[in-house]
Amino acid sequence: MHVLASRLRRLPPSCGPVRLVGVDGHAGSGKSTFAGQLADALGGAPVLHLDDIASHDELFDWTGRLLREVITPLGRGETAHYAPYDWHTRRFGPSRDLPPAPVVLIEGVGAGRRALRPHLACLLWMDLSREESWARGRSRDGVEQGEFWEEWVLAEQRHFAEDPSRPFADALVRQCRQGYETMDGPAVTPGPDHDITHGDGPAAMC
């Protein structure tokens with residue numbers, strides 16, 4: 001993981017002075033956990049969770065707000081300000097700061113969408129099937145969220161049918177028994193080798 005972090009730091013800035021790294025994948029695929037570990041390996045890199053940007057009324061129609069509130073100010077080297085959404089109270093909370101750090105992670109379904117890719121230094125895709133991802137997500141959220149999951153699955157299917165991310169991923173990430181396995185994604189010419197990360201071990205990169 002630390003080798004991956006080092007390679008991310010060496011990428012050219014993609015949004016003003018910031019190297020934006022997208023972590024995309026199906027709901028329940030482990031994006032948040034992976035992004036958190038990667039952020040730690042980066043020395044505490046900021047993580048923007050797209051669950052804080054989306055809402056019940058805008059599961060995927062949040063592009064304009066994200067570009068206006070986050071991408072544009074970061075591109076100017078300024079601190080971005082956004083109001084995270086509370087999925088329990090169904091309202092947006094107090095404003096939160098997102099500084100223009102050397103590396104900023106954007107984690108969530110749709111992080112690799114068409115409108116964001118020009119601003120990304122690297123796109124990582126959590127390579128877990130949608131069926132297994134959704135099963136994990138349903139188990140995590142419990143039966144009380146069953147109705148929401150029915151709506152979400154349909155919305156996610158529509159989103160990726162219209163605006164897929166995986167074909168544009170620089171690297172695919174798969175969780176192993178210990179650590180993560182990363183390999184070249186569809187956006188990179190495949191090579192014969194890939195590495196496995198075991199905490200401090202090596203990692204293939206985009």
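At least one donor-acceptor pair closer than 3.5 Å links the side chain of D24 to the backbone N or O of G112. Of the possible polar contacts, one joining the S14 side chain to the A121 backbone as a donor-acceptor pair under 3.5 Å is found. Side chain of Q37 to main chain of M1: no donor-acceptor pair is present (N/O by atom type, distance under 3.5 Å, no hydrogens or angles).
When side chains are defined from C-beta on, V103 counts as touching V21, because their heavy atoms get closer than 4.5 Å. Under the 4.5 Å side-chain criterion, counting only non-hydrogen atoms from C-beta, L4 is not in contact with Y180. The shortest distance between side-chain heavy atoms of T79 and L74 does not fall below 4.5 Å. When side chains are defined from C-beta on, V173 does not count as touching L38, because their heavy atoms never get closer than 4.5 Å. Counting heavy atoms from C-beta outward, C122 and L11 have side chains that approach closer than 4.5 Å. For the pair L120/R19, no side-chain contact is recorded, criterion being any heavy-atom separation below 4.5 Å from C-beta on. Using a 4.5 Å heavy-atom threshold, the side chains of L20 and I71 count as touching. Side-chain contact between P46 and L105: absent, with no pair of heavy atoms (C-beta onward) separated by less than 4.5 Å.
Aromatic rings of W87 and Y85 (six-membered ring for Trp) have centroids within the 6.0 Å cut-off, being under it. Aromatic pair W62/Y82: ring centres not closer than 6.0 Å.
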**Message:** Set out, in order, the CA-CA distance, both residues' side-chain angles and the distance that settles side chain to side chain contact (heavy atoms under 4.5 Å, CB included) for L66 and L48, then state yes or no.
**Reply:** CA-CA 10 Å; L66 180 66; L48 174 65; 3.6 Å; yes
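The distance from the CZ atom of F168 to the CG atom of D163 is 8.0 Å, given to the nearest 0.5 Å. The CZ atom of F60 sits 5.5 Å away from the CD atom of E156 when rounded to the nearest 0.5 Å. Distance check: Q157 CD to E162 CD gives 12.0 Å after rounding to the nearest 0.5 Å. One distance of note links OG1 of T63 with CD1 of I53; it measures 11.0 Å at 0.5 Å rounding. One distance of note links CG of D184 with CG of D170; it measures 9.0 Å at 0.5 Å rounding. Atom CD1 of I106 sits about 11.0 Å away from atom CZ of R113, to the nearest 0.5 Å.
For the pair G28 and R136, the tightest heavy-atom approach, listed with the atom from each and the gap, is O-NE, 3.3 Å. Annotation for S133 and S29: closest pair OG-CB, 3.4 Å, computed over non-hydrogen atoms. The heavy-atom pair separating A169 from L172 by the smallest distance is CB-CD2, 4.2 Å. The two atoms that bring F160 and G25 nearest to each other are CZ-O, 4.2 Å, heavy atoms only.
By the salt bridge (Lys or Arg N to Asp or Glu O under 4.0 Å) test, R65 pairs with E58, sequence neighbours left out.
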Just list the side-chain donor-acceptor pairs under 3.5 Å for residues 123-130, sequence neighbours left out, or say none.
unit_1, atom_1, unit_2, atom_2, d
D127, OD1, R166, NE, 2.9
D127, OD1, R166, NH2, 3.1
D127, OD2, R166, NH2, 3.3
D127, OD2, R174, NE, 2.9
D127, OD2, R174, NH2, 2.7
S129, OG, E132, N, 3.2

Cut-off 3.5 Å, no hydrogens considered: what does the side-chain donor-acceptor table look like for residues 89-98, sequence neighbours left out?
unit_1, atom_1, unit_2, atom_2, d
R96, NH1, D52, OD2, 3.3
D97, OD1, H81, ND1, 2.7

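Relative orientation of the H26 and W134 rings is perpendicular, given thresholds of 30° and 60° on the angle between their planes.
Looking at T72 and R76, their side chains never bring a donor and an acceptor atom within 3.5 Å of each other.
Linking Ile, Leu, Val, Met, Phe, Trp and Tyr residues whenever their side-chain heavy atoms come within less than 4.5 Å places V70 and L67 in a single cluster.
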